[in-house]
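Shown below is the structure under consideration.
One-based numbering along the sequence shown. Values reported hereafter were calculated over all heavy atoms of this structure, with side chains retained and with hydrogens, waters and symmetry mates removed.
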Amino acid sequence: MKIFNELRRRNVFKVASVYLVTAWLIIQIISVISEPLHLPNVFATIVTVLLSIGFPIALIFAWAFELTPEGMKLTTDADSAEQQLNQGGSKLNILLASLLIVAVAFIGYQQFWQTEPASVADKSVSIAVLPFDDMSPDKSQEYFGDGMAEELLNALARLKQLVVISRTSSFAFKGERIDIRDIGNILNVAYVLEGSVRKDADNVRITAQLIDVSSGAHIWSETYDRKMTSIFELQDELTLSITEALKLNLLPEDISQQVGMTNNPNAYELFIKARELQYKRSADALIEAEALLLEALALDRNFHQARSQLYVGYQLSTYYGGFTREESAKKMERTFWELQDSPNFPLKLAAVALQSTYDAPDDLSYDLSLSLYRQAHEAAPSEPFIAHNYAILLSIFGKVLEAMELREEVLKIDPKSLSNYGSLASIYLHLGKIDELYELKDKVKKVAPGSWMALFVETAITYPLEQNVAKIARLYEQYDGEQHQNYLEPYLSFVVLNGEFDKAISLIDEQLSLPNPNIGAFVNAYSLLYGLKEQQKLSSQQKERFNALPVSPFIKQTTESVWALLNGDASPYMNQFGWADLPLNELVEASGLYPYDKLYVASALKKQGEPALAEAAMDYSTRPIQLKECFRSKGQAWPHCPILFYLDGSLSAEQQFDYFKNSLKNLDRQTFGTELMLRTSPMYNGVNEHPEFESTVDAFLKKTFPNIPQDT
């Protein structure tokens, strides 16, 4: 107790209080002025250390010295110096009170005058990494500059403290002369990293600059001359330098290494070449990328990142070609098993998640896949391949709201991802979020005016919602972009649905005259014309021209089988695809040509008094989830809701008919024009005997397809 009284008498506690409040104020002021003055991170660290060292020194001085009217003096005997000590203590009280007032005022300023909106706060630690320019004399190292930029992007994206714009959006400005500040504002980031590479044999020069978007000022710039053998250390050094410039206060050990990467510079160079080829999304590029990745793996069999990229390439080939579907499936499965002895990293987790849904599409595999995708996305939020497949699986598994939130989140870090706009449009349509759908249409028109995706989002509004076939046909006619299958299939279908039969036949003939005709581009339009011919809605000349189209025997037979199925006869389709003799357990899992062909067959058989397949089909895979969504939306979630209601059998005829009328508010965008078969299709077996069915169908067809001759 005596020592406590002595400390108080000598004003040690008051000095400690004054010192701590003063130190806190100094640190707070430094945190405010550091960014505008571009002070290095180490400055704040040095000040904090010095203030910490000074604290015990201040306490020693408080014990040994006293503040008197004559200045600082050694502390005298307590009895003789009591009055002077009291005078010093009074001064310390005044000083402490003043500092506390300043501290309270500073806190109030921060809380009430300096608070920023959440979006601005998020932006303060956001960055876009642009592709590095190729400064090599022969301009042959573009792939290397892109690869270096992407590796830096990936390294920065692994840091929780940063929001990093994904590659798709950052690299969209490649080759364009746009002010860095404009790029930063378009991508909604605070900083942009740009740079250049110059590679000559084994020598590499890399220059990088970090730019503040608000001012356009270079807040950090550095040039590195290295050998290719030290390229990986250089990447870590670059990443740490960038984080220091951004004042993230990280240590070298905080910069996590990319799991599964190689230490072989030759294998690495092959890897980044292959990855750039995969981004081209073409059959030839995917084949060439496979060869390069296999060569990289021959140099380093533990290069697991290359093996996972190989798996990605095989999965992409199922959409863009390069290998047949059977080849892709076999190669994916082989690569999947080869990845099993590697440590976990995001792309591996995504590969395992994807493969498990291919191998065993049941509830357990979907649960596993969702868990793996979630882990992969959390570890690599800027990786579009992972985010896209994760969102698809969420939608399939009935977690549509989660899928929507994920895609909206992805747009923040990948605002130029056109595929994401298209998927989000489909989700908004599915959930009936019409206002959001129109806002998305305006947004994609600004981001990519005249693009295929802008037309795709427009299609999601004009065709299924507005049901204006003439308008959508004109929009497709005016489109002057790449004429790929995703464009040609709806375009040719809309020409038919707009009643332009002669033009449609000519367009199909053009496709068939190509050296390698793309069947997917014209087969739906061909099927529509075949159905209209059977309904006697083509002229004799049009029938003659249609019959003369040089389609393969397989397409002819399949079209006839599908037409029979849409008229309620499942036998030709089942015979063509070998379903007729399959036991029920195999028939449920059998694959056909269309997403819902098994449902059509099950409905036709149920109508004939054979309900076994209907019961089995409704328990298979994700059908219960789809049915739940149909109930939630009262028939508007998907165009195939009517057939699910019929196969399920739990709704009354009147309820089914009410939901059927709701379903007509949303036209089918997977198989354009199926509504022309309303009267006979097994899709509507649950409602086609309702007394108001015929009049409802007549009114719908006349309104929706006014240029197609109607039955009299």
Residues which pass side chain to side chain contact (heavy atoms under 4.5 Å, CB included) with Ala521, listed by chain and number, not counting sequence neighbours: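 By the side chain to side chain contact (heavy atoms under 4.5 Å, CB included) rule, Ala521 matches Leu488, Gln511, Asn518.
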
Ring geometry between Phe700 and Phe705 (parallel below 30°, tilted from 30 to 60°, perpendicular above 60°): perpendicular

Short side-chain to backbone donor-acceptor contact, Asn498 and Glu500, under 3.5 Å: no

Partners passing ring pair (Phe, Tyr, Trp, His ring centres under 6.0 Å) against Tyr479 (at least two apart in sequence or in another chain):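 Listed in chain order: Tyr487.
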
pair Ser493-Val496: side-chain heavy atoms closer than 4.5 Å: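 Answer no - side chains too far apart.
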
Backbone N/O of Asn420 and side chain of Ser423: donor-acceptor pair under 3.5 Å: no

Plane angle bin for Trp563 and Tyr530 - parallel if under 30°, tilted between 30 and 60°, otherwise perpendicular: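 Correct class here is perpendicular.
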
Check: Glu436 side chain, Leu424 main-chain N or O, donor-acceptor pair, under 3.5 Å: no

Any residue meeting side chain to side chain donor-acceptor pair (under 3.5 Å) with Ser539, in chain and number order, not counting sequence neighbours: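 In terms of side chain to side chain donor-acceptor pair (under 3.5 Å), with neighbours along the sequence ignored, Ser539 is linked to Gln542.
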
Side-chain (Tyr421) to main-chain (Pro415) donor-acceptor, under 3.5 angstrom: yes

Selection residues 394-407 - residue pairs positive for salt bridge (charged side-chain N to carboxylate O under 4.0 Å, His left out), sequence neighbours left out: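 As it turns out, there is no salt bridge (charged side-chain N to carboxylate O under 4.0 Å, His left out) pair with a partner in residues 394-407 once direct neighbours are skipped.
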
Proximity of Phe660 and Phe693 rings by center, below 6.0 Å: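 Aromatic pair counts; centres sit under 6.0 Å.
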
Min side-chain heavy-atom separation Met453-Val447 under 4.5 Å: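 Heavy-atom side-chain distance check fails, nothing below 4.5 Å.
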
N/O donor-acceptor pair under 3.5 Å between Ser527 side chain and Val523 backbone: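 Such a contact is found between Ser527 side chain and Val523 backbone.
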
Any residue meeting side chain to side chain donor-acceptor pair (under 3.5 Å) with Tyr600, in chain and number order, not counting sequence neighbours: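 Testing Tyr600 for side chain to side chain donor-acceptor pair (under 3.5 Å), a comparison that skips the adjacent residues, returns none.
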
Option from Glu327, Lys330, Glu333, Met332 for which side-chain contact (heavy atoms from CB on, under 4.5 Å) with Tyr314 holds: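 Result: among Glu327, Lys330, Glu333, Met332, Met332 is the only option passing the side-chain contact (heavy atoms from CB on, under 4.5 Å) with Tyr314.
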
Side-chain heavy atoms of Gln656 within contact of Tyr684, under 4.5 Å: no

Of all pairs that satisfy salt bridge (charged side-chain N to carboxylate O under 4.0 Å, His left out), the ones with a partner from residues 529-556, not counting sequence neighbours: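 Qualifying pairs, neighbours excluded: Asp502-Arg545, Lys537-Asp711.
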
Salt bridge (Lys or Arg N to Asp or Glu O under 4.0 Å) partners for Glu477, two or more places apart: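 Partners of Glu477 by the salt bridge (Lys or Arg N to Asp or Glu O under 4.0 Å) criterion, ordered by chain and then number, come out as Lys503.
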
Side chain Asp414, main chain Val410, donor-acceptor under 3.5 Å: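 No.
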
Qualifying salt bridge (charged side-chain N to carboxylate O under 4.0 Å, His left out) pairs, either residue in residues 371-390, two or more places apart: none

Polar contact flag, side-chain donor to acceptor under 3.5 angstrom, Thr696-Glu692: no

Test side chain to side chain donor-acceptor pair (under 3.5 Å) applied to Tyr476 - qualifying residues, sequence neighbours left out: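 If we apply the side chain to side chain donor-acceptor pair (under 3.5 Å) test to Tyr476, skipping adjacent residues, the hits are Thr459.
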
Residues forming a ring pair (Phe, Tyr, Trp, His ring centres under 6.0 Å) with Phe385, sequence neighbours excluded: none

Heavy-atom side-chain proximity of Ile392 to His388 below 4.5 angstrom: yes

Expected output: side-chain Ser369 to main-chain Leu354 donor-acceptor under 3.5 Å: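 Checking the backbone N and O of Leu354 against the side chain of Ser369, no donor-acceptor pair under 3.5 Å is found.
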
Aromatic plane relationship, Tyr573 with Phe577 - under 30° parallel, 30 to 60° tilted, over 60° perpendicular: tilted

Considering all heavy atoms, the nearest Gln467-Asn666 contact: NE2-N, 3.9 Å

Which pairs would a plain distance check flag for residues 627-634, meaning a side-chain donor or acceptor within less than 3.5 Å of a matching protein atom at least two apart in sequence or in another chain?
{"residue": "Glu629", "atom": "OE1", "partner": "His430", "partner atom": "NE2", "Å": "2.8"}
{"residue": "Glu629", "atom": "OE1", "partner": "Arg632", "partner atom": "NE", "Å": "3.2"}
{"residue": "Glu629", "atom": "OE1", "partner": "Arg632", "partner atom": "NH2", "Å": "3.1"}
{"residue": "Glu629", "atom": "OE2", "partner": "Arg632", "partner atom": "NE", "Å": "3.4"}
{"residue": "Ser633", "atom": "OG", "partner": "Glu629", "partner atom": "O", "Å": "3.0"}
{"residue": "Ser633", "atom": "OG", "partner": "Cys630", "partner atom": "O", "Å": "3.4"}
{"residue": "Ser633", "atom": "OG", "partner": "Gln636", "partner atom": "N", "Å": "3.2"}
{"residue": "Ser633", "atom": "OG", "partner": "Ala637", "partner atom": "N", "Å": "2.7"}

Heavy-atom side-chain proximity of Thr671 to Asn524 below 4.5 angstrom: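 SC-SC contact between Thr671 and Asn524 confirmed.
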
Residues which pass side chain to side chain donor-acceptor pair (under 3.5 Å) with Asn486, listed by chain and number, not counting sequence neighbours: none

